[in-house]
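Letters A, B, ... are given to chains in the order of the sequence lines, protein chains preceding strands, and every chain is numbered from 1.
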There are 2 protein chains.
Amino acid sequence: MDKKEEILKTALKLFVEFGFHATPTSKIAKEAGVANGTLFHYYKTKDELILALYAHTKSRLTEYMYANASKDESLELVFKSIYTNTIEWAQENKAEFYFIQQFSTSPFYGLITPEEITKQAKPHLDFLQDGIKVAVIKPMPVDLLYTLINSHIAGINQYLSSQEFSTPKQKKIINESFQLLWDMIT
Amino acid sequence: MDKKEEILKTALKLFVEFGFHATPTSKIAKEAGVANGTLFHYYKTKDELILALYAHTKSRLTEYMYANASKDESLELVFKSIYTNTIEWAQENKAEFYFIQQFSTSPFYGLITPEEITKQAKPHLDFLQDGIKVAVIKPMPVDLLYTLINSHIAGINQYLSSQEFSTPKQKKIINESFQLLWDMIT
DNA sequence: ACATTTGTAGACTGATTAGTCAATCATTAT
DNA sequence: ATAATGATTGACTAATCAGTCTACAAATGT
């Protein structure tokens, strides 16, 4: 078992349940089954652990977003695939997705450099910019577009998490809400 | 000067800057210009202070949302008024709005009873339900509708806060994004 | 074989924190 | 006037926490 990963996994779980500062490093170490010093061997400070966890989780999401997105499909189908993948991942990794949101609306987010944020958003913005260039997506600032899409997804995810839906019902909601979003931006 | 209010004001500022647990009650008291004991005289625990601050801030927003919303206007105009008011308030009270979001995506949100959340959302849901009944708004679960609208507003607010826009430019963005939202739900 | 680095452990510490307490001060009611 | 209640103070404490330190074990390179 990889202790470094075990620490991240446990930290995620506890941060989501209790919050960043209400989760002592000692508790993370104990529940991860490692010694106190081991945690600080891998992560020099608690902040570093939190930032590493965010980077790790965010990249896992990004990877999944673009899974099986063949470039041959139409822009709409590619976009729908990304949309669906994102919501699927969020539903299957609720704690992870919640953690990303929790982190993003916390002072820790300020520790990430603007460059890193820009770099992270770049591929998505390029994709959207292309959609505008080929006159499929309405002309508007890509930043605005990007934010609207992200918020929409966050909203759908929140709704899906608020109750227990059967899988087909859930699929139906995702399809219909995608149509709402797609109609809004095209 | 009202010390109780001074404590809330200072707590808001510090929570937004440093986070809940990274803000000691001693610091709040000192910066609010009151003694340590005074803080605990008004709020038995730190949690109680945090919850009181959330309730206070949320109710200030709700109050502003429905300001000058005459019931004589069309549903669209009333809705637009609420929409515009909300974004205006968020822009003029950035720390407050950010605090609400920060609180909502933190474990503290779990301390609020479901009844309280339901009660809080009731008037908004009723308004939307009415819009569906008179066949102005598309038929869909009001919870979903409500979440989509909230997310949309959060997104627009985030975009407006990301750069400095001139007042007319800002008004234009609000109007256009309202149209996007309105077209999406009707 | 041996040296060097890397991983792991857990007791320990100095600093910090939420909350208490006993004592005044201010205000209001009788 | 006097009692009673509420407001305010700041020193104090018991608990907790992030991070250190020393020691040893495992792996890796030479």
Look only at the side chain of Asp130(B) and the backbone of Asp126(B), and say whether a donor-acceptor pair between them is shorter than 3.5 Å.
no
Check whether any side-chain nitrogen or oxygen of [X] sits under 4.0 Å from OP1 or OP2 of [N], and answer yes or no.
| X | N | answer |
| --- | --- | --- |
| Tyr42(A) | dT8(C) | yes |
| Thr25(A) | dC17(D) | no |
| Thr38(A) | dG7(C) | no |
| Lys3(A) | dA9(C) | yes |

Note: [X]-[Y] ion pair, threshold 4.0 Å (strictly below):
| X | Y | value |
| --- | --- | --- |
| Lys13(A) | Glu31(A) | yes |
| Lys119(B) | Glu116(B) | no |
| Arg60(B) | Glu63(B) | no |

Starting the side chain at C-beta, find the nucleotide from [options] nearest to [X].
| X | options | value |
| --- | --- | --- |
| Ala35(A) | dG10(C), dA18(D), dT17(C) | dG10(C) |
| Asn36(A) | dG19(D), dG19(C), dA9(C) | dG19(D) |
| Phe40(B) | dG19(C), dG19(D), dT17(C) | dG19(C) |

For [X] and [N], what is the distance between atoms [atom1] and [atom2] respectively, to the nearest whole Å?
| X | N | atom1 | atom2 | answer |
| --- | --- | --- | --- | --- |
| Glu6(A) | dG7(C) | CD | C1' | 16 Å |
| Asp2(A) | dG7(C) | CG | P | 10 Å |
| Leu39(A) | dT20(D) | CG | C1' | 14 Å |
| Lys4(A) | dT6(C) | NZ | C1' | 12 Å |
| Ile28(B) | dT16(C) | CD1 | C1' | 15 Å |
| Leu49(A) | dC17(D) | CG | C1' | 15 Å |
| Lys27(A) | dG19(D) | NZ | P | 18 Å |
| Glu5(A) | dG7(C) | CD | P | 15 Å |

Given that His41(A) and Gly37(A) both sit by DNA chain C, which one's nearest nucleotide is further toward the 5' end?
His41(A)
Should Phe178(B) and Leu77(B) be regarded as members of a common hydrophobic cluster, given that ILVMFWY residues are connected when their side-chain heavy atoms come within less than 4.5 Å of each other, either directly or indirectly?
no
